[in-house]
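Naming convention: chains lettered A, B, ... in sequence-line order (proteins, then strands); numbering from 1 in each chain.
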There are 2 protein chains.
Amino acid sequence: MNLITQMAQAKAGILTTAMRRVAEQEQLDAEQIRLAVAAGTIVIPANVNHCNLQPIGIGRILKTKINANIGNSAVASCPQQELEKLEYAVKFGADTVMDLSTGGDIGKIRRAIIAHSPIPVGTVPLYEMLARCNSVDNLSEELILQIIEEQAEQGVDYMTIHAGLLKNQIPLAKKRLLRIVSRGGSILAAWMQKSERENPFYTAFDQICEICRRYDVTLSLGDGMRPGCLADASDEAQFAELEVLGELVNRCRNAGVQAMVEGPGHIPFDQIAANMSRERECCKDAPFYVLGPVVTDCAPGYDHITSAIGATMAAYSGAAMLCYVTPKEHLGLPNARDVRDGVIAYKIAAHAADVALGKPGARDRDDAISQARANFDWDRQFELALDPAKAREFRAAALAERDLPPDHGKGDENFCTMCGPNFCSIRISKNL
Amino acid sequence: MNLITQMAQAKAGILTTAMRRVAEQEQLDAEQIRLAVAAGTIVIPANVNHCNLQPIGIGRILKTKINANIGNSAVASCPQQELEKLEYAVKFGADTVMDLSTGGDIGKIRRAIIAHSPIPVGTVPLYEMLARCNSVDNLSEELILQIIEEQAEQGVDYMTIHAGLLKNQIPLAKKRLLRIVSRGGSILAAWMQKSERENPFYTAFDQICEICRRYDVTLSLGDGMRPGCLADASDEAQFAELEVLGELVNRCRNAGVQAMVEGPGHIPFDQIAANMSRERECCKDAPFYVLGPVVTDCAPGYDHITSAIGATMAAYSGAAMLCYVTPKEHLGLPNARDVRDGVIAYKIAAHAADVALGKPGARDRDDAISQARANFDWDRQFELALDPAKAREFRAAALAERDLPPDHGKGDENFCTMCGPNFCSIRISKNL
């Protein structure tokens, strides 16, 4: 067995370039990173065929990472649009990107994204399988293995597979208000019910691991049973699947394959911490990769906010990576502007949690921007802002309303644009 | 002593119309409301001269309320613009509004707002005092009492006064990165330092209470020492002032004057719960009215999000009212669009916390909108959305991208606009 994966190398005592890079980024000791990669509590998704990748680490003790989903649907978008979304995602600070294309030339879009992406690229291979075989009825283990191999060969760094949703869980889903809201989960449940066979991702799991091992594809164990509304949160269906995901984490680790676990979804704020603890216990501290969670169902159009609230609590309670949700969630596919809004909302959530957890260096940026505020150093404030262009735009608008020039704010004329010169608390209290 | 205030009446065993109304809104027992108003753990800001007011209650056991700040500055805005902001605030669900005007004809703007507002109106009378006397040097107890009386007579329901920031706290502020970021606090600190006298709001506090008692103005005890950055959070200055606020709460209660207490500000996520507990202890469970808190300093342009995260945690941990923060915070004054964004972000925070705390009926709306999702009942989803217009707009855009008519979504053609017909998890799992 060759030492291909980061995990296999870590177990063999090899400190890879990727591990050193992660240690540096995270201000942690390289040996600590190696031990955690060996144990499976940190993953470094880095397909050996993703040439221009700058690897990052994902794990509870590292800075919280965020993922941006892009990809088209059967009708909308083309490779050029997806590359534009990729550019936005990278520019505004996404740590990974998932191509969730479900239509058009899926392979072409993916190749373009991998070629242009310096950050890890994830996929849900089931979408291409469905597009390829036309009907869920034609899904087979052979097709599954074929497409996973093709995508692995192309350089996909991590893949979501819904191998934990088993046939015996389907009756639990039927008790729910929204049953199964995971696309992959619902498709597999339909296949299992019709064929009366077990989930093919589960039955072919060892062969899937073997492919992943050869390219160092990290498996993201999908939560097909993630609750789609508050009423379905933390129920039997969700936790039955989580038990299976725990089993699959062990099988990955034994095979030397890196694995993370996906999590909910829609969860009331008070249940988030308990969900994170339960995952950690069930899945032996495998990195937890959560979607939101959304903390109220009733704000369509603003789910980047409802979910950033949940995501902060999730990261604070142990989630390692946050999958962004855009303002278009529940209503349509995001465009480039939505990608920006989603990424920034999640940068905020991840950073707020890292500060709260006292991760190394996390608060430096806050202290620096606050010092710049104290100094009325607007340029420095903008440099340190998560979205400098937006901050500049708002300040410029505020100055224009006061008929002040855009470069206002030097020397004695300093005052906050909110309050005006006579009510500028910073100016007044500087003179105390 | 006449029984004018809600508190005085509650203490005398009188169940007022306002208390009955609050009980009905909150699905609680009217006698429970009366007892809490008598004890001061619920306030009902309702100036006897605010004619068209529909009273609401503010207290930890009630649904979390949100406040929207409007008002002009020395240069921008006019009464008409402020009425437009008021209309937006009310339309999108603000429970109270504060007129923070600092320039122009402050009295005229306020009268217009009170005349048009069905929700309680708050002010910071210091702003009008400053505008009236030109310089902070001319501030006097006489002017303070005169303006408070004028505003009370006009029908202001609650007033923020910074009576807790005392002279001996100023050295503590000087140790801070951002010293004093409260406008009122910084102005009073400058006055105290120059005059070498104690805070005039503190020295005149009993007379202020006497005015408030005659009109039933609720006092909102302002936190002049609220931290303006994470580095200054939970420090000596903040807690020294909080101790004084606790003393003032007692003095209000003894005078039969309703009082709430204002809170921070900028606070790391992990310190929010402890801040809420400390306030409850210091101020004997007086309703806590918090500004955010913002959980990271480095996202100017997105502080409605950074603060909605903190506000959810604050409300979950015991805050009774959340003062919104708009995207323009730190950069300029909000316009009507910013008011909408701020109000919705705070509706989300308040509602998410109420659901998490299991407040009576809080989750009904979530369950109803999720049932509408299960039924593909788009109209009902929009009706139940916190911002129906925004949700409709996004759905219409998504349909247009697919060349589908705007009324699409009846009968067998149902599918979520995100995923398209073949990948619609709700449609697929309905058929299980």
Side-chain angles (χ1 to χ4, degrees), chain A residues 73-76 102 177-181 183 186 189-190 193 229-231 268-270 295-302 305-306 308-309 312 316 328 331-332 344-345 348 351-352 355-356 365-367 369-370 374 384-387 390-391 394-395 398 401-402 417 419-420 423 425 428-429 432, chain B residues 73-76 102 177-181 183 186 189-190 193 229-231 268-270 295-302 305-306 308-309 312 316 328 331-332 344-345 348 351-352 355-356 365-367 369-370 374 384-387 390-391 394-395 398 401-402 417 419-420 423 425 428-429 432:
Chain A
S73 69
V75 179
T102 56
L177 181 50
L178 272 171
R179 296 201 163 184
I180 302 178
V181 298
R183 297 198 288 208
S186 65
Q193 177 152 300
C229 59
L230 299 188
F269 190 72
D270 58 308
V295 293
T296 168
D297 302 341
C298 60
Y302 297 86
I305 299 178
T306 64
I309 292 168
T312 306
Y316 180 62
K328 287 278 173 60
L331 297 166
I344 297 290
I348 290 168
H351 180 70
V355 167
R365 187 170 182 165
D366 297 272
D367 293 347
I369 199 170
S370 294
L384 288 162
L386 290 180
D387 186 347
K390 174 81 80 181
F394 282 177
R395 159 92 173 162
E401 273 175 22
R402 293 173 184 277
T417 358
C419 305
F423 285 89
S425 58
I428 296 166
S429 69
L432 283 177
Chain B
S73 69
V75 179
T102 56
L177 181 50
L178 272 171
R179 296 202 163 183
I180 302 178
V181 298
R183 296 199 288 209
S186 66
Q193 178 153 301
C229 59
L230 299 189
F269 191 72
D270 59 308
V295 292
T296 169
D297 302 340
C298 60
Y302 296 87
I305 299 178
T306 64
I309 292 168
T312 306
Y316 180 62
K328 287 277 172 60
L331 298 166
I344 297 289
I348 290 168
H351 181 71
V355 167
R365 186 170 183 166
D366 296 271
D367 294 347
I369 199 170
S370 294
L384 289 162
L386 290 180
D387 185 347
K390 174 80 80 180
F394 281 176
R395 159 94 171 159
E401 273 174 23
R402 293 173 185 278
T417 357
C419 306
F423 285 88
S425 59
I428 295 167
S429 69
L432 283 176

Validation row: V181(B), S429(A) side chains within 4.5 angstrom (heavy atoms): no
Check: L177(A) and S370(B) side chains under 4.5 Å, non-hydrogen atoms: yes
For the atom pair CD1 (I348(A)) and OH (Y302(B)), what is the distance rounded to the nearest 0.5 Å? 7.5 Å
Could you give the distance from CZ (R365(A)) to SG (C298(B)), rounded to the nearest 0.5 Å? 5.0 Å
Could you check whether any side-chain N or O of R179(B) sits under 3.5 Å from a backbone N or O of A374(A), counting only pairs where one atom can act as donor and the other as acceptor? no
Taking every heavy-atom pair that is under 4.5 Å apart, which of V295(B), D387(B), I309(B) has the most such pairs with chain A? I309(B)
Atom group of Y316(B) that falls short of 4.5 Å from chain A, counting heavy atoms: side chain
Toward chain A, the part of L386(B) with a non-hydrogen atom under 4.5 Å: both
Interface check, chain A: of T306(B), V355(B), L384(B), most non-hydrogen pairs under 4.5 Å belong to T306(B)
Closest contact, heavy atoms only, D367(B) versus A231(A): OD1-CB, 3.6 Å
I need the residue from P300(A), A190(A), A299(A) with the largest number of non-hydrogen atom pairs under 4.5 Å to chain B. P300(A)
Donor-acceptor check, side chain of D366(B) to backbone of T296(A), threshold 3.5 angstrom: yes or no? no
Which heavy atom of A345(B) sits nearest to which heavy atom of I305(A), and what is that distance? CB-CD1, 4.2 Å
Side-chain contact test, heavy atoms from C-beta onward, threshold under 4.5 Å: evaluate it for F269(A) versus T312(B) and give yes or no. yes
Checked P268(A), A356(A), C229(A) vs chain B; the most non-hydrogen pairs under 4.5 Å come from A356(A)
For the CD1 atom of I180(B) and the CG atom of L432(A), what is their distance to the nearest 0.5 Å? 5.5 Å
Just give me the residue among A189(B), A308(B), A352(B), A391(B) that pairs up with chain A most often, heavy atom to heavy atom, under 4.5 Å. A391(B)
